[in-house]
Structures are given as C-alpha cells and as structure tokens.
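This report refers to the structure that appears directly beneath it.
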Amino acid sequence: MKKQFLFILLVLFSANAQTVQSPNKKLTISFFLTADSVPQYQLSFGKKAVVLPSRMGIALKNTPSFLSGFAVAKIESSLVNDSWDPVLGEVKTIRNNYRELKVTLQQPAEKNRVLVITFRLFDEGLGFRYEFPRQDNLNYFTVSDERTEFALTGDHKAFWIPGDFDTNEYPYSETRLSEVDASKEKHPGEIYTSSLITRSMVQTPVQMKSSDGLYINIFEAALVNYPAMCVDIDQKTFVLTSKLAADAVGNKAYLQAPAKTPWRTIIVSDKAADILSSKIILNLNEPSKFADVSWIKPVKYVGIWWEMHVGVASWNYSDVNNVKIGETDWKSLKPNGRHGATTARTKVYIDFAAKHGLDAVLVEGWNVGWEDWFGNWKENVFDFVTPYPDFDVAELQRYAKEKGVKLIMHHETSASVTNYERQLDTAYRFMKAYGYDAVKSGYVGKIIPRGEAHDGQWMVNHYIRAVTKAAEYKIMVNAHEPVRPTGLQRTYPNWLACEAARGNEFNAWSSGNPPDHETILPFTRFMGGPMDYTPGIFQIKMSYYDPNRQTQVHTTLAKQLALYVTMYSPLQMAADLPENYEAKLDAFQFIKDVAVDWDDTKILEAEPGDYVTTARKAKNKEDWFLGAITDENSRTATAPLNFLIPNQKYVATVYGDAADAHWQKNPMSYKIDSWLVNSKTILKLPLASGGGAAVRIKPASKDDEDKYKTYKQK
Ligand code: NOJ
Ligand code: CA
C-alpha cells in the first residue's frame with residue numbers, strides 16, 4: 001500500500017516562497033528566505049494562520065553558524081501514503097500520509113556549506129528537522145543554540161509546566177502566554193532536582209488554544225543524540241523560541257556530519273479530540289530496530305511499591321545511614337522491621353497476581369543500598385545484584401514460576417548513571433539468570449556525570465543505550481525520571497513506558513495532582529508515548545494508614561478505573577495494596593478485565609483541563625472499554641456507541657461515581673450497573689466533581705440477554 005511520488009523542482013537560488021499543502025489540503029506551509037537570507041516558514045489551518053513567518057537556524061560554536069547567508073540550492077517534494085502496524089499500540093494499523101518538502105540550502109560565503117531542512121506536512125500537523133549531510137566543509141561541530149521560532153498569532157491559552165531540564169514532575173498551569181510565570185518562587189519545590197531557569201520558559205509538549213478556536217500543540221519527535229527542547233515565550237510578541245538543555249560545560253550538542261536534529265512538531269486542529277488521535281509523533285520516528293519482537297508483551301502488574309509511598313513499609317532494610325557497596329556486611333545490620341521487599345511479602349503479591357490473572361509483580365527495595373540512596377550524590381549507590389538478607393531471589397524465582405507470574409526487577413540508579421552503565425551487562429545477566437524479563441529503572445537525583453542534565457544529549461543517549469542493551473537480553477524497560485518520550489517506543493518497542501511526568505505517587509505524599517491533571521496529561525506528556533502513571537488507587541485517603549497524613553488522591557475511585565482507558569500504556573499497574581483490592585473485589589473486576597493493548601481507539605469528547613472520554617477496542621477481541629474523566633466540575637459524559645457492530649447486543653457494565661460521590665468529600669462512593677446496549681445506544685455517564693466512569697462492553701451471551709435489562713436512553 002505504498003504510494004510515493006517524487007517531484008524535483010530545481011529552483012536554483014530562488015528566494016520565492018515554496019508552498020505545499022497537506023494531503024487533504026487543510027494545512028498549508030510556506031518556506032522562504034528573507035531579504036537578508038534567513039530561512040523562514042509559516043503554517044496555516046484552512047484560512048487561519050497558526051504560525052506566522054518564523055525563523056529557523058542553528059548556532060554553532062567556534063564555526064560560522066547556520067543562521068543566515070543562505071541560498072536555496074534545491075527543492076524536492078514528495079507524497080507518502082503508507083501504513084504500518086505497531087508492536088503494541090492504541091490502534092492496529094497506523095496510516096502515514098504526508099507531503100514532504102526537502103529544502104537544500106547553501107551558504108555561498110562559507111564554501112557552499114549545506115544545510116537541509118525537511119518538512120513533513122500531515123493532515124493534522126507539521127514536522128520539520130534540520131539535516132547536516134556529509135560534506136567537505138563540515139565534519140565535527142558543536143551546537144551552541146537552536147533558533148527555531150514558532151511565531152503564534154496571539155496571546156493563546158496555554159497548558160504548561162515550567163522549563164526545567166532535570167524534572168517534569170510538575171502540576172500543570174493553565175494561563176495565557178503573557179501570564180506564564182515559570183520562575184522558581186512560583187513553583188516551590190517538592191521536586192528535589194528542580195532547576196528552573198526563567199520566568200518565560202516552559203516545557204514541551206505545550207498545549208495551547210487560540211481565541212479563534214484552534215488547538216495547537218508544539219513538541220518534538222525522535223529525540224536521539226540531541227538535547228530535549230523547551231520553548232521560551234516572548235510575552236509581548238508571542239514568539240516561542242527553542243531552548244536546548246546544556247551539558248556540563250554549557251554546550252548543547254556534539255554532532256558529526258551526516259547528522260540530523262529531532263523533528264519539531266506542530267499539531268493543530270479545531271477539535272481537541274484530533275490532537276489526541278494524531279499519530280504524527282510516531283510516524284516521524286524510525287521503524288523498529290529489532291527484527292524479532294515476539295518477546296515484547298503488554299504487562300498488567302502489581303507491586304511492592306505503594307506501601308512505601310504511603311509510609312507503611314520502607315525500601316531500606318535497616319535504619320543506618322553510612323552503608324557502602326562492597327564493604328557493608330548487610331547481614332550484620334539491624335533490620336528496621338518495616339522492610340517491604342521480603343520473601344514473604346513478595347509471595348503475597350505473587351499469590352494475588354496469580355489469583356486474579358495479572359501478569360507480573362514489581363518489587364522495589366530488594367537490593368542493598370537504600371539506607372542512604374537519597375540526596376548524597378554518591379558514585380556507587382547500588383550494585384543491582386545483591387539482594388537484602390530477607391529477599392530470597394532464587395526461592396522467589398521458583399515460586400513465581402510455579403504460580404505462572406513474572407517478577408519485574410527494579411533498578412533505581414539514584415542518577416549515578418556512570419555507575420549504572422558500568423554494571424548494565426552484569427545487572428541484565430543477573431535478571432535473566434533469575435527469570436526476569438522486565439525492569440523498572442529510575443533516575444532520582446542529580447545526574448552523575450556531574451553537571452549533566454536529565455534532558456541533555458549525554459542522558460538522551462544513555463536512555464537509548466540502556467534500552468538497546470536491554471533488548472540484547474530480551475528485557476522490556478519502564479524508565480522513571482527520564483527525558484519525556486518522543487515516540488521512540490516505535491523504534492525501541494521494548495521501551496514499554498516511561499514516567500517523565502507527575503505520576504499518581506504525588507498523591508501519596510505531596511499536595512498532589514489537582515483534579516484537572518489527568519485531563520491535561522493526554523494533551524502533553526502522553527503525546528510522546530505511554531506513561532507508567534500507576535492508576536487504580538482504591539484507598540483514596542492516606543489518613544487510613546496514618547492519622548497524621550492528610551494527603552489524598554485527588555480523584556474518585558471510579559475515576560481511578562477510568563484512567564486505565566483514558567491513559568494509554570501497554571504497561572499498566574494496579575497500584576494499590578492487595579488488601580485494598582480484596583476489600584472491593586466488585587470494582588477490582590474492571591482492572592482484571594481491562595485490556596492494555598488495542599485494535600482501535602476513539603476519542604469521543606475532549607477538552608484540555610476539563611474532560612476526556614475515550615473508547616478502545618481490545619486487541620483481537622470484540623470487547624470495548626470506555627473511560628470518561630472530568631476535572632473538579634461534575635458533568636455528564638456522552639458516549640455514542642456507534643462503533644459497535646450493528647444489530648449485535650452487548651452488555652455494558654458501568655463502574656461509575658455514585659450520586660453522592662465527590663473527589664474530596666466522598667471519593668470512594670461508586671456504583672456498578674450492567675445493561676444491554678447496541679450500536680444505537682448513547683450512554684450518558686454522570687461524573688462527580690473529580691470523578692469518572694469506566695465501562696466494559698462485551699458481546700452479550702444468551703444468558704446475558706435474559707439477565708440484563710436494556711439501557712434506557714436518556
Ligand atoms: C521515583 C519513582 O517514580 C518511584 O516510582 C519509585 O518508587 C521511587 N523513585 C524509588 O525508586
Ligand atoms: Ca518519579
């Protein structure tokens with residue numbers, strides 16, 4: 001199904017604008033050189049301008065820059081219309097349909113040095129990147145800055161987190177561009193690594209809404225061998241300019257021709273739902289690097305994890321604080337009596353997973369070193385192969401195998417990344433020897449090598465080195481505290497998920513995630529790929545564990561269920577304690593049933609900061625799952641089921657907020673109802689303040705037809 005046309009328009013040294021349209025002609029871009037030979041582009045949606053003429057270019061160190069002095073040497077245009085199937089995904093097949101414009105620029109005054117700018121214009125947006133072909137007059141070079149501009153048409157509403165190259169674990173703000181204030185004082189720190197830079201710099205993806213009704217999302221795709229991009233907002237002109245993470249000596253990227261930057265992306269529509277269904281980011285990434293992907297599987301898991309976050313167990317085995325890998329005699333330490341990762345406790349989780357058909361059990365705090373892991377900026381914090389005395393790795397391998405459950409390894413690097421790299425092979429070999437095929441890695445803290453940033457070129461390459469090495473061992477990866485994903489799960493499909501945003505854990509021990517948080521994440525963090533958000537908390541109030549803990553999850557219980565559908569990830573945790581699930585097995589049934597890999601996805605309604613309603617069809621099944629969530633405002637979600645097979649009866653089981661539910665006042669009040677539905681049904685789902693609804697829809701059996709009543713259309 002591959003169609004490709006290539007037109008070569010040899011427009012030698014022309015300064016005229018080159019204009020192309022997206023396949024359905026909705027989007028138009030123009031490229032031109034200004035009178036002083038600076039490259040510029042602009043983008044429009046129908047008759048509406050999205051990006052006004054904006055400059056492009058790269059500043060180099062100790063070498064003349066690629067900023068001006070250009071002539072157009074060649075222009076090529078082609079149309080691509082093909083499709084591909086992701087290994088795991090939201091849909092079975094992804095259509096890749098765009099018009100490409102490749103502009104070859106020369107700098108006559110610099111011995112005709114060449115820079116290529118490639119644009120790909122899809123029906124839902126634009127991607128462009130800089131390419132540095134192999135050439136006589138450019139070999140090694142250092143990027144000191146990127147000057148890509150996005151000149152917006154006005155003071156748009158924006159959903160943003162502060163520009164920070166070491167953490168993205170912030171709550172979102174919703175303000176006009178002119179009102180953005182990302183300065184440190186305005187974002188007092190719960191986040192240890194926070195390194196806020198200026199008032200006007202925000203992270204990408206940044207989601208905006210213009211007063212003429214356009215939803216505009218600025219981001220990047222295929223971040224490889226280059227630092228991550230934030231944007232700095234000119235708060236008077238609304239021109240956004242790229243800002244790259246610097247390394248320890250202030251440089252941005254070290255490249256050798258041939259080289260290319262990641263894609264800069266602008267996704268645009270007059271419907272918010274279209275932003276969420278766009279596949280631009282994935283389409284701009286390279287296909288899978290691995291020929292054999294049969295070992296890559298979706299995972300639903302539980303773990304010894306939340307009990308540490310709520311404070312009833314500890315990662316550390318002993319309460320001393322001067323341990324040393326290779327020297328401390330761990331058996332001689334006095335156990336603190338709260339250690340979570342014991343053999344006995346792990347068996348409780350294995351039994352629970354086996355009983356309820358979950359795939360795997362994550363165990364954090366199994367390896368020595370947690371006594372002083374946090375905040376000391378040590379070189380060798382963990383060795384990834386030495387279990388604590390009360391964690392019997394061989395016995396647990398035997399037990400898990402007997403029960404048909406997988407164990408997930410945990411590698412907290414404590415951001416001592418050189419230490420981790422030295423040990424990667426040893427660590428992965430150890431995992432394989434004990435039957436593990438998935439790892440959760442973590443990068444809490446300030447990076448070693450010192451002076452590097454989580455989002456800088458060195459670390460961007462590290463995450464990829466780790467997943468590539470993991471693939472050699474057929475290991476799947478879930479990285480916490482990495483740079484935010486940019487669609488690389490297409491290229492490295494064993495990179496199942498990342499954290500890279502403020503996850504549910506913040507609800508356990510901080511001011512938490514405001515009720516609109518999960519309605520913004522799909523428009524921001526999830527644009528780049530799956531997140532290990534860790535939903536499914538049933539015990540919403542932390543005072544349950546300790547009367548002095550006043551923190552709580554900022555949703556209703558039903559909304560926790562809906563998140564399994566509104567947040568796409570092929571790796572989903574049932575994050576609460578087994579005991580809390582055993583107490584509410586009727587609601588837990590949804591977590592047992594919900595799929596994590598899909599044939600199809602429909603975004604039924606969405607508005608950033610307000611609500612999202614999503615329906616997904618389970619992979620290779622006729623079952624559908626639906627999730628509807630709202631912010632602090634109660635509302636009724638409307639879900640037409642016209643995606644169901646006509647004339648077929650289904651049972652819809654709705655796990656919804658009870659009439660008296662409220663995220664703060666009464667979060668655990670839910671009710672479960674089942675009805676017969678069909679493709680003509682329009683479900684009306686009442687959502688409480690901070691609430692949600694989760695629905696399982698499966699073809700009705702004869703018994704079901706007798707048992708359930710037909711849904712009364714409201
Ligand atoms: C932060 C991670 O996000 C969390 O999931 C983990 O439990 C802790 N670090 C400890 O590694
Ligand atoms: Ca985290």
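Note that these values count all heavy atoms, side chains included, but never hydrogens, waters or copies made by symmetry. Remember, it's 1-based here, ligands and their atoms both numbered in the order they're listed.
In this structure, OE2 of Glu481 and OE2 of Glu499 enclose an angle of 120° at the Ca ion (ligand 2), rounded to 10°.
In summary, the aromatic rings of Phe526 and Tyr568 are positioned with their centroids too far apart to meet the 6.0 Å limit. If you look at Phe590 and Tyr655, their ring centroids are closer than 6.0 Å. In this structure, Tyr463 has its ring center under 6.0 Å from that of Tyr443. Within the 6.0 Å centre-distance limit, the rings of Trp160 and His187 are counted as a close aromatic pair. Taking the ring centroids of Tyr533 and Tyr564, they lie at or beyond the 6.0 Å cut-off. Remark: aromatic rings of Phe382 and His411 are distant, center separation not under 6.0 Å.
Glu169 contributes OE2 as its N, O or S atom closest to the Ca ion (ligand 2). Summary: OE2 is the N/O/S atom of Glu505 found nearest to the Ca ion (ligand 2).
Listed by number with element, the atoms of ligand 1 under 4.0 Å from a non-hydrogen atom of Trp305 are 4 (C), 5 (O), 6 (C), 7 (O). Near Glu499, the atoms of ligand 1 lying under 4.0 angstrom from a non-hydrogen atom of the residue are 3 (O). The distance from ligand 1 to the heavy atoms of His410 drops below 4.0 Å at these ligand atoms: 11 (O). Interface atoms of ligand 1 facing Val444, defined by a heavy-atom separation under 4.0 Å, are 1 (C), 9 (N).
Distances between N or O atoms of Trp370 and those of ligand 1 include no value under 3.5 Å. For ligand 1, one of its N or O atoms has an N or O atom of His480 under 3.5 Å away. Remark: ligand 1 and His309 share an N or O pair separated by less than 3.5 Å (distance only, no angle test).
Between atom 1 (C) of ligand 1 and the options Lys440, Glu481, Glu364, the minimum heavy-atom separation is to Glu481.
Within the 4.5 Å cutoff, side-chain heavy atoms of Thr426 are placed close to those of Val385.
Each of His454, Gln457, Glu421 was compared with His462 under the side-chain hydrogen bond (donor to acceptor under 3.5 Å, both in side chains) criterion, and only Glu421 meets it.
For the pair Lys432 and Tyr473, the cation does not sit on the ring face, since its NZ or CZ is not both under 6.0 Å from the ring centre and inside 45° of the axis.
With hydrogens left out, the protein atom closest to atom 11 (O) of ligand 1 is Glu412 OE1, 2.6 Å, a heavy atom. Shortest contact from atom 4 (C) of ligand 1 to any protein heavy atom: Glu505 OE1, 3.2 Å.
Contact annotation: Met308 has no heavy atom less than 4.0 Å from any atom of ligand 1.
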